[in-house]
Amino acid sequence: MTHQTRLVQVRANILRKNDVIARSLRQRFHESGVYVVSLVSSPGAGKTMFLEQTLRLLRERNRVAALVGDLATENDARRLSRAGVPIKQITTGTVCHLEAEMVESALAGWCIDELDYLFIENVGNLVCPASYDLGEDLRLVLFSVTEGEDKPRKYPPIFNTADVAVITKLDLALAVEFDLAAARESIQSVRPGMETLEVSAKTGDGMDKWLELLASRRSDLEAQTGVVKSGR
Ligand SMILES: Nc1nc2c(ncn2[C@@H]2O[C@H](COP(=O)(O)OP(=O)(O)O)[C@@H](O)[C@H]2O)c(=O)[nH]1
Ligand SMILES: [Mg+2]
């Protein structure tokens with residue numbers, strides 16, 4: 001076996017192990033009736049701010065919590081804690097993505113039956129997280145107006161593994177001459193038919209549409225699993 005073949009083999013085994021854990025997590029989430037959403041993007045695209053606003057808006061009528069991944073620091077967990085809901089930071093050290101096992105360990109001691117929604121902010125990276133299923137029901141890929149319109153064309157795998165694209169920092173669009181039509185076209189060229197949201201977590205623009213989509217995806221899943229907790 002060449003060195004290269006061995007490397008590929010080891011990588012395939014790691015991915016397979018991740019899939020097994022992710023599958024069992026997903027089953028646990030479905031049995032508990034907790035709807036799980038993950039967020040991926042490049043560093044600084046606005047995951048934490050979008051998530052903080054989402055948690056604030058949802059917590060009025062729902063039981064929500066979040067896990068947040070970074071290589072180092074508890075900074076994002078501290079920011080998200082301002083929303084007044086349970087938050088746990090996962091620090092990955094040198095690893096550029098979250099794995100299902102990290103999610104499983106972070107949830108030890110949490111009674112997930114008591115949650116309606118669990119959010120998972122992945123490590124800021126548009127490449128590695130694409131290969132790792134976390135057992136989530138909905139994966140959002142975010143990119144901000146300051147990053148340019150062609151992110152989807154440059155990083156197709158992450159757009160292919162996500163369910164919904166979110167264009168963020170809409171309030172800055174004019175200042176950076178962001179071409180919304182070109183961005184939408186870029187998304188559609190990689191994933192025809194992909195649902196796309198356009199938001200500003202700063203002004204709240206587009207957040208109502210996001211919450212509508214979330215509630216509707218959740219009731220679709222409840223119809224499938226038969227575990228109904230929404231609409232309490
Ligand atoms: N103007 C504006 N700035 C934003 C918005 N969302 C995030 N930011 C800023 O962008 C920077 C990175 O945001 P953050 O949420 O930490 O991104 P993350 O690395 O993807 O979690 C911070 O300085 C935020 O205040 C937005 O909707 N509008
Ligand atoms: Mg963050």
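In listed order, ligands and their atoms are each counted from 1. We're numbering straight along the sequence, starting at 1.
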Side chains of Ile167 and Phe143 in contact at under 4.5 Å (non-hydrogen atoms):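 Yes, their side chains come closer than 4.5 Å.
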Test item: His30 and Val227 side chains (from C-beta on) under 4.5 Å apart, heavy atoms: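 A side-chain contact under 4.5 Å is absent here.
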Donor on one side chain, acceptor on other, Ser38 and Asn122, under 3.5 Å: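 No, Asn122 and Ser38 have no side-chain donor paired with an acceptor closer than 3.5 Å.
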Side chains of Thr196 and Arg184, donor plus acceptor under 3.5 Å: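 Judged by distance alone, the side chains do not pair up.
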Qualifying residue for salt bridge (charged side-chain N to carboxylate O under 4.0 Å, His left out) with Asp133, from Arg16, Arg26, Arg23: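 The passing option is Arg26.
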Set of residues that line ligand 1, where lining means a heavy atom lies under 4.0 Å from it: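 Correct list: Ser41, Pro43, Gly44, Ala45, Gly46, Lys47, Thr48, Met49, Arg79, Glu121, Lys169, Asp171, Leu172, Ser200, Ala201, Lys202.
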Parallel, tilted or perpendicular, as decided by the 30° and 60° cut-offs, for the rings of Phe50 and Trp210: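 Judged by the thresholds at 30° and 60°, the geometry between Trp210 and Phe50 is tilted.
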Steps toward side chain to side chain contact (heavy atoms under 4.5 Å, CB included) verdict (Lys47, Ser41): CA-CA 7 Å; Lys47 294 180 297 303; Ser41 80; 2.9 Å; yes
Disulfide (SG to SG under 2.5 Å): pairs with one or both residues in residues 190-220, sequence neighbours excluded: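 For residues 190-220: none.
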Donor-acceptor contacts under 3.5 Å from residues 107-114 side chains, at least two apart:
residue : atom : partner : partner atom : Å
Asp113  : OD1  : Ser32   : OG           : 3.1

Atoms of protein origin (N, O or S) under 2.8 Å from the Mg ion (ligand 2):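 Thr48 OG1, Asp76 OD2, Glu121 OE2, with waters left out.
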